[in-house]
Amino acid sequence: MQLKAPEHQVAGHIAKDGKPGPLVDDKGRFFKPLQGDSRGEIEVKFYESFSSNTEVPEHIRRYFPVYHGTQAVEGSDGAAMIVLENLLADFSKPSVMDVKMGTRTWYPEASEEYIQKCLKKDTGTTTVSAGFRISGFEVFDHKESSFWKPERKLLRGLNVDGARLTLRKFVSSNSLSDIGSKPDSAFASSVYGSSHGILTQLLELKNWFENQTLYHFNSCSILMVYENESILKGNDDDDARPQVKLVDFAHVLDGNGVIDHNFLGGLCSFINFIRDILQSPNESAES
Amino acid sequence: MNSRILIDIHHRIYSCTKKMLKVPEHQVAGHIASDGKLGPLVDDQGRFFKPLQGDSRGEHEAKFYESFTSNKKVPYHIRRYFPVCHGTQLVEASDGSGKLPHLVLDDVVSVYSNPSVMDVKIGSRTWYLDVSEEYFKKCIKKDRQTTTVSLGFRVSGFKIFDHQESSFWRAEKKLVLGYNADGARLALRKFVSSNSPADSNLTPNCAFASEVYGGSNGILAQLLELKDWFEIQTLYHFNSCSILMIYENESILMKEGDDAPEARAEVKLVDFAHVLDGNGVIDHNFLGGLCSFIKFIKDILQSVDKRDETDTSLLENGR
């Protein structure tokens with residue numbers, strides 16, 4: 001089995017300082033190292049529960065990575081890894097964005113230390129103000145014929161206007177590294193707006209979140225992916241193949257009869273940002 | 001404060017102002033003008049006088065009402081969920097401290113004779129950015145101790161008209177603030193029940209659930225209309241606001257025939273001392289809590305429907 005580091009990790013853990021990072025194979029699978037201090041266990045437990053939960057509607061499963069169990073992998077010191085569907089396997093030049101959803105990333109059951117750490121980060125980012133924060137993204141730049149990724153530091157300091165601008169940049173064709181240029185939002189309607197686009201998918205998720213009391217998706221992210229290459233070639237809208245996926249379930253808890261109002265509030269806010277861009281694609285910032 | 005001074009204050013209130021001002025009967029949460037404390041007053045013409053508290057909160061609330069009243073972007077059908085404001089007026093304060101500016105509002109309960117009222121603070125947090133460290137700590141402590149963090153809302157207080165006693169039963173404040181999810185659920189059921197609220201061993205019968213919560217003009221329908229607006233409105237962030245649920249308890253039991261008076265259930269948003277500009281972002285904090293609250297109401301209606309179906313089928317089976 002040929003394993004290598006994934007090319008398009010935009011957020012989360014990467015292989016650093018001898019600590020194992022995620023891996024992909026050539027069969028469309030993604031290997032995620034089990035994180036320490038019970039987070040990995042929680043994530044496994046979630047995937048196991050979710051894959052067999054008959055109360056999850058069929059049409060909602062498409063928003064979650066397919067789970068293939070756990071496996072000890074060579075080169076990761078025999079440590080177990082979660083085996084998932086590689087969400088980017090079918091794309092050749094995917095543009096990817098990771099958005100952490102929710103007005104707070106902490107939850108009452110967490111340790112006091114963790115809560116304080118999260119609160120600090122939440123108040124310092126758009127989590128409190130907008131109900132979500134952009135964790136990372138990567139866009140295929142046609143002019144350079146390469147991928148462009150902003151510095152992580154840049155994203156942390158983003159305010160609401162910055163988040164708006166970034167969401168436009170994600171679907172723009174003009175130069176990304178030039179901070180001064182106004183993003184042209186050229187792909188907004190094919191990525192965000194088409195009948196199978198991001199907005200439609202988010203609205204379907206929203207409907208489910210208004211009623212589901214199965215899980216609370218604390219600190220989860222929504223991954224947005226689309227095929228950047230085909231749009232410029234002038235193919236049908238469908239070729240952008242925009243996808244919404246939920247990822248990162250290390251802090252998921254039982255819903256206990258209550259809806260995930262934290263995730264839902266943030267999701268509704270995010271939906272509004274996307275809608276605004278679709279309604280006014282030529283503005284770079286709302287006043 | 002002894003009774004002689006209280007009588008003196010009341011005399012001054014009645015004689016100095018042309019209106020007859022008294023302490024409102026149906027306050028379930030917030031400051032209460034009793035024992036010489038500063039609190040709201042009502043007149044006999046359906047007006048509610050809310051004293052503008054110190055520390056700028058009162059002014060802030062007045063500013064909100066001013067903005068809201070003249071804001072053309074507020075859809076007409078949403079205005080029914082907000083009290084009508086008539087500006088501010090100098091009125092003899094309830095604590096005898098003289099004439100103070102008061103916010104003049106339409107008293108939302110004045111059209112009812114024996115209203116059952118519940119105050120629910122909406123949102124998974126009552127604090128917001130740019131508050132003092134002290135205020136933030138106070139809020140988050142309360143949010144974590146109550147159902148605010150876990151459910152996205154907390155019951156602040158409620159009272160029910162008890163037909164058997166022909167008087168009002170008020171939920172104990174300390175108990176209410178100590179509710180967990182089950183406690184909140186129980187309170188919402190109790191609120192629409194006809195069996196004795198004072199007896200804590202009785203399972204609430206939810207006798208009025210379909211009329212008050214359900215129906216085309218019931219609480220749920222109104223909450224859903226509010227939810228639709230909150231999904232798109234970026235005008236205001238309603239930090240620490242409450243939803244008031246009111247219905248006429250007396251008429252439901254007296255119901256005979258088609259011309260009987262209705263429950264006239266109403267939803268009102270109140271308490272705007274901490275409202276801020278939306279700045280192009282929806283009020284996701286309020287919206288999340290509102291959706292959670294809606295689910296609780298829906299669950300009660302569903303359980304009542306199921307129970308009624310079971311009762312019907314039992315009857316049909318001759319049992």
Side-chain angles (χ1 to χ4, degrees), chain A residues 101-104 106-110 112 115-116 119-120 122-132 159-161 163-164 203 206-207 209-213 216 218 253-273 275-277 279-280 283 285-287, chain B residues 122-125 127-131 133 136-137 139-141 143-153 180-182 184-185 223-224 227-234 237 239 276-300 302-303:
Chain A
M101 219 41 87
T103 60
R104 60 171 150 85
W106 58 276
Y107 42 100
E109 297 82 349
E112 195 58 39
I115 291 175
Q116 292 306 322
L119 253 170
K120 190 169 177 203
D122 293 351
T123 47
T125 59
T126 55
T127 288
V128 168
S129 51
F132 63 87
N159 60 8
V160 168
D161 284 335
R164 232 186 273 284
L203 288 170
K206 168 179 162 289
N207 283 339
F209 270 91
E210 283 173 356
N211 293 293
Q212 76 86 8
T213 60
H216 283 187
N218 304 304
L253 294 174
D254 260 351
N256 282 326
V258 182
I259 65 165
D260 189 353
H261 51 88
N262 172 50
F263 190 101
L264 176 58
L267 178 61
C268 288
S269 178
F270 186 62
I271 283 170
N272 208 54
F273 273 65
R275 250 202 211 115
D276 281 350
I277 291 171
Q279 279 168 7
S280 56
E283 285 167 38
E286 318 291 321
S287 51
Chain B
I122 303 285
S124 63
R125 61 171 152 85
W127 55 274
Y128 42 103
L129 295 170
D130 300 331
V131 292
E133 185 69 24
F136 166 75
K137 284 208 164 104
C139 284
I140 199 167
K141 185 175 177 199
D143 291 351
R144 290 172 70 175
Q145 284 172 346
T146 59
T147 57
T148 286
V149 168
S150 53
L151 304 185
F153 64 87
N180 57 11
D182 284 332
R185 232 172 239 126
L223 292 174
L224 290 170
K227 168 179 161 291
D228 282 347
W229 183 55
F230 270 91
E231 283 175 357
I232 53 173
Q233 77 85 9
T234 59
H237 283 187
N239 305 302
L276 293 175
D277 259 353
N279 282 325
V281 183
I282 65 164
D283 190 351
H284 48 89
N285 174 50
F286 190 99
L287 177 57
L290 178 62
C291 288
S292 180
F293 186 60
I294 282 170
K295 183 69 167 73
F296 270 63
I297 301 290
K298 263 195 190 138
D299 283 348
I300 291 172
Q302 261 172 23
S303 71

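Just so you know, these numbers come straight off a predicted model, no measurement behind them. Every chain is numbered from 1 and lettered A, B, ... according to where its sequence line falls, protein lines coming before strand lines.
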B:H284 (side chain) donor-acceptor with A:F270 (main chain) under 3.5 angstrom: no
4.5 Å side-chain heavy-atom contact, B:Y128 and A:V128: no
Region of B:N279 that comes under 4.5 Å of a non-hydrogen atom in chain A: backbone
CA sep, side-chain torsions, deciding dist, call: B:Q233, A:N272, side-chain contact (heavy atoms from CB on, under 4.5 Å): CA-CA 10 Å; B:Q233 77 85 9; A:N272 208 54; over 6 Å; no
Atom pair OG1 (B:T234) and CG (A:D276), whose distance is rounded to the nearest 0.5 Å: 7.5 Å
Region of B:I232 that comes under 4.5 Å of a non-hydrogen atom in chain A: both
Any side-chain heavy-atom pair of A:V258 and B:S150 under 4.5 Å: no
Contacting moiety of A:I115, where chain B heavy atoms sit under 4.5 Å: side chain
Chain B contact via A:F209 - which portion, at a heavy-atom distance below 4.5 Å: neither
Contact origin within A:N211 toward chain B - heavy atom pairs under 4.5 Å: both
Contact origin within A:I271 toward chain B - heavy atom pairs under 4.5 Å: neither
Within-4.5 Å side-chain heavy-atom neighbours: A:I259 and B:F293: no
Engaged part of B:F136 at the chain A interface, taking heavy atoms whose separation is under 4.5 Å: side chain
Note: B:R144-A:E112 ion pair, threshold 4.0 Å (strictly below): yes
Gap between atom CD of B:E231 and atom OG of A:S269 - 0.5 Å precision: 11.5 Å
Heavy-atom proximity to chain B below 4.5 Å, by part of A:S129: both
Euclidean distance, B:S292 OG relative to A:E210 CD, rounded to 0.5 Å: 12.0 Å
A:R104 backbone acceptor or donor facing B:R125 side chain under 3.5 Å: no
Residue pair B:W127 / A:T123, side-chain heavy-atom distance below 4.5 Å: yes
Engaged part of B:L290 at the chain A interface, taking heavy atoms whose separation is under 4.5 Å: neither
Atom pair CG/CG of A:L264 and B:L287 - distance to nearest 0.5 Å: 6.0 Å
Per-residue contact mode, A:N262 against chain B (heavy atom under 4.5 angstrom): neither
